[in-house]
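Everything on this sheet refers to the single structure shown next.
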2 protein chains.
Amino acid sequence: MTENTCVTEFEPASLNEEEEEKLAVQAKALAHPARVRLLKIMAAQPGCVGGDLVNSIGLAQSTVSEHLRILKDAGFILAEVQRPRICYSVNRSELKSFSFLFESSFKL
Amino acid sequence: MTENTCVTEFEPASLNEEEEEKLAVQAKALAHPARVRLLKIMAAQPGCVGGDLVNSIGLAQSTVSEHLRILKDAGFILAEVQRPRICYSVNRSELKSFSFLFESSFKL
DNA sequence: TCCGTATATCGTCGATACACGATATAATCT
DNA sequence: AGATTATATCGTGTATCGACGATATACGGA
């Protein structure tokens, strides 16, 4: 330990714990190539994709379902029930707000 | 399985595996509140921060060192050796390029 | 009502992440 | 050379993740 405290005090305002947590949680949702791929597919489609997602990606249905759950929990996708299907689509506003949070957090 | 193939074919161009992988890897580096906090501290400092980071965050030195390694591997921070210290600072251009990759991937 | 279809949930297994203390490294100072 | 300092690495234990097959759910249609 030294007295070298060029980083002494942080204004509590600049260290918004909730925002940091949100950024980390959402980043975690993006932290898997399959989920990035799924999001990309959805973003490239005009409307929504049903379980075609399962076919487009080389993973079991249950695995894809879990990835979709994670994306949904993060707020990145919307699920509209259209029995027996579920219609998934990207939530552009949440994706944008992640981008904004990222940029503002690190003063880019 | 159905014949509902609204998502039949993807132009290989739009599914750049390397980019997806990079986005996922970098997102994973952001996927921990301690690392977000560390980046934020560094981004808020004009110059570079030594191991003051260890004091600013309630974690063991070895743990912080590991988090910094992850951020460095992701390209988000730079480490300049100034024995016995190491001077860490954010790599703004890499942070920006993450932001760009994110936005372009999902057509925001 | 019974059947088929699309999606979700469960249980399990191996792999990876996270935290820590202890120790190694590598340079500077006395 | 030996001590001091800052950081990195190692080893360990626990927790979380990611994949799968099997099964449950929940609806529309025959």
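Per chain, numbering begins at 1; letters A, B, ... match sequence-line order. Owing to the predicted nature of the structure, the values given are computational and were not obtained by experimental measurement.
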Roughly, in whole Å, what's the span from [atom1] in [X] to [atom2] in [N]?
| X | N | atom1 | atom2 | value |
| --- | --- | --- | --- | --- |
| B:L30 | C:dA17 | CG | P | 15 Å |
| B:I57 | C:dC20 | CD1 | C1' | 15 Å |
| B:I70 | C:dT16 | CD1 | P | 14 Å |
| A:R85 | D:dG29 | CZ | P | 11 Å |
| B:I86 | D:dT5 | CD1 | P | 18 Å |
| B:E66 | D:dT12 | CD | P | 17 Å |
| A:D73 | D:dG18 | CG | C1' | 16 Å |
| A:L38 | C:dT7 | CG | P | 13 Å |

[X] side chain, from C-beta outward: closest of [options]:
| X | options | result |
| --- | --- | --- |
| A:R83 | D:dT7, C:dA26, D:dG28 | D:dG28 |
| A:A60 | D:dC20, D:dG28, D:dT9 | D:dC20 |
| B:H67 | C:dA8, C:dA19, D:dC27 | C:dA19 |
| A:S62 | C:dA19, D:dT9, D:dG21 | D:dG21 |
| B:S65 | D:dG18, D:dA8, D:dA19 | D:dA8 |

Could you pick out which residue, A:A34 or B:A79, lies toward the 5' side of DNA chain D when each is mapped onto its nearest nucleotide?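 Going by which nucleotide is closer to the 5' end, it is B:A79.
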So, is B:R35 near the phosphate of C:dC18, with a side-chain N or O under 4.0 Å from OP1 or OP2?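 It does, given that an N or O in the side chain of B:R35 lies less than 4.0 Å from OP1 or OP2 of C:dC18.
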So, does A:T63 get its side chain near the phosphate of D:dA19, meaning an N or O under 4.0 Å from OP1 or OP2?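 Checking A:T63 against D:dA19: no side-chain N or O falls below 4.0 Å of OP1 or OP2.
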Would you kindly say whether A:N91 and A:S93 are connected by a side-chain donor-acceptor distance under 3.5 Å? yes
Donor-acceptor contact below 3.5 Å, side chain A:R35 vs main chain A:H67: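 Not at all, since once roles are kept as given, no pair shorter than 3.5 Å links the two residues.
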Keeping the roles fixed (side chain from A:E80, backbone from A:C87), state whether a donor-acceptor pair exists under 3.5 Å.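 Judged by distance alone, no pair lies under 3.5 Å.
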Taking the inter-plane angle between the rings of A:F98 and B:F98 on a 0 to 90° scale, is it parallel (under 30°), tilted (30 to 60°) or perpendicular (over 60°)? perpendicular
Show your working on side-chain contact (heavy atoms from CB on, under 4.5 Å) between B:R37 and A:E17 and close with a plain yes or no. CA-CA 8 Å; B:R37 166 72 57 105; A:E17 184 136 3; 4.0 Å; yes
Counting any heavy atom closer than 4.0 Å, what does B:L68 reach on the DNA or RNA strands: base, sugar-phosphate only, or nothing?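 Counting heavy atoms under 4.0 Å across all strands, no contact is made by B:L68.
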Would you kindly compare A:K28 and A:K72 by the position of their nearest DNA chain C nucleotide and give the one closer to the 5′ end?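 Result: A:K72.
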Test for a donor-acceptor pair under 3.5 Å between the base of D:dA8 and the side chain of B:Q61, counting only N and O atoms. yes
